[in-house]
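Okay, structure first, notes after.
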Amino acid sequence: MRLPTQDNGIFKKIKQLSKQHPELQVLEMDALPVLTIRALEIDVSRRRVFYGRQEVTLTPKEYALLFLLVANAGKVLTYQKLYEAVWPDDSLGNEINAVSCHIYGLRKNSIGYPQNCLLQSAVCGR
């Protein structure tokens, strides 16, 4: 198991405890990538976002929306598709408002303006 250095102490204890319980299975996991677009970095494995090396606090829905936009960079996504991906179990009939409010939250955190241009435009009815 490969561990980040700051987490070694806790994970060493977990490994020691797991040896006392042979019924437990140790799984190896590769670290997920860090997505980078200009000044924006998304640490996928830790669900943390950095903009200009400063951590940005996002709500879970803002994070999901941002991740979806980055994963589909260069593609046009409709409000409906964004809503279905981020709110799969909720159908309140106000998709445009929900998506718009969360995009506003991302822009407010400077993720979309102007240097990064990740959130270039939002067109109603598209």
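Positions are given from 1 along the sequence.
Contact record, F50 with R48: CZ-NH2, 3.7 Å, taken as the closest heavy-atom pair. Closest approach of K61 to V86, counting heavy atoms only: NZ-O, 3.1 Å. Shortest non-hydrogen contact noted between V99 and L65 is O-CD2, 4.2 Å. Residues W87 and A98 share a closest heavy-atom pair of CH2-O, 3.8 Å.
Remark: Y51 OH to L106 CG distance equals 12.0 Å, nearest 0.5 Å.
Counting heavy atoms from C-beta outward, L82 and L69 have side chains that approach closer than 4.5 Å. Counting heavy atoms from C-beta on, the side chains of Y63 and I42 come closer than 4.5 Å. Using a 4.5 Å heavy-atom threshold, the side chains of L68 and K81 count as separate.
Hydrophobic clustering of Ile, Leu, Val, Met, Phe, Trp and Tyr side chains at less than 4.5 Å, counting indirect connections, unites V44 with L58.
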